[in-house]
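Here the structure is laid out as structure tokens; the discussion comes afterwards.
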Amino acid sequence: MTTVFVKGLGLIGSTLIRAIRQKHPQYRIVGSDISTATLDFAIEQGLIDDAGTNLYQADQADFIILAGPVSAIVKDLHDLATVRTKARGDYYRCWQYQADDY
């Protein structure tokens, strides 16, 4: 099963999740946010299948989306550089996708 990890469930993150859900309802989506109320709401609404804080379960994801503030994304990229991720082997392939693939 394809797993998508999204950190940041604000306007950008939640919009991307809705688009993914619409096109690929079978994907498992793990959401991460600093607000537990946001995470609870996202689960209640069926936007995400699992929730956590920080980079919880990012290592198990096929795709990782960082949708927080730029300062947080910079820190997350540094943290992800030290994590053995499922997607790491497909790094170059991911960048080759075209908009039509989604």
Between CD1 of Ile73 and NZ of Lys7, what distance do you get to the nearest 0.5 Å? 9.0 Å
Start with the C-alpha distance between Leu77 and Lys75, add both sets of side-chain angles, then the distance that settles side chain to side chain contact (heavy atoms under 4.5 Å, CB included), and finish with yes or no. CA-CA 5 Å; Leu77 288 172; Lys75 181 187 178 313; over 6 Å; no
Go through Thr2 and Phe63 one step at a time and tell me if the side chain to side chain contact (heavy atoms under 4.5 Å, CB included) criterion holds. CA-CA 8 Å; Thr2 299; Phe63 297 96; 4.0 Å; yes
Backbone N or O of Ser35 within a donor-acceptor pair of the Asp33 side chain at under 3.5 Å? yes
Quick one: do Leu47 and Ile29 satisfy side chain to side chain contact (heavy atoms under 4.5 Å, CB included)? Show the steps, please. CA-CA 8 Å; Leu47 291 174; Ile29 299 178; over 6 Å; no
Minimal heavy-atom distance between Ala67 and Gly8, with the atoms involved, is CB-O, 3.7 Å
Is Phe41 linked to Ile34 within one hydrophobic cluster, defined over Ile, Leu, Val, Met, Phe, Trp and Tyr using a side-chain heavy-atom separation of less than 4.5 Å? no
In this structure, are over 12 heavy atoms from other groups packed under 6.0 Å from Gln26 atom CD? yes
Assess whether side chain to side chain contact (heavy atoms under 4.5 Å, CB included) is satisfied between Ile12 and Ile65, documenting all intermediate values. CA-CA 10 Å; Ile12 294 170; Ile65 298 171; over 6 Å; no
From Phe5 CZ over to Leu80 CG, what is the distance, rounded to the nearest 0.5 angstrom? 7.5 Å
Whether the Gln60 and Arg28 side chains hold a donor-acceptor pair (N or O, under 3.5 Å, no angle test) is what I'd like checked. no
With a 3.5 Å distance limit and no angle check, can you tell me whether Ser32 reaches the backbone of Leu55 through a side-chain donor-acceptor pair? no
Using every non-hydrogen atom in the two residues, find where Gly10 and Ser14 come nearest and quote the distance to one decimal. O-OG, 2.6 Å
When you measure from the side chain of Arg21 to the backbone N and O of Gly46, does any donor-acceptor pair fall under 3.5 Å? yes
Could you tell me the separation between the OG1 atom of Thr3 and the CG atom of Asp49, rounded to the nearest 0.5 Å? 8.5 Å
Once you round to the nearest 0.5 Å, how far does CD1 of Ile48 lie from CD1 of Ile20? 12.5 Å
Is the shortest side-chain heavy-atom distance between Val4 and Val6 below 4.5 Å? yes
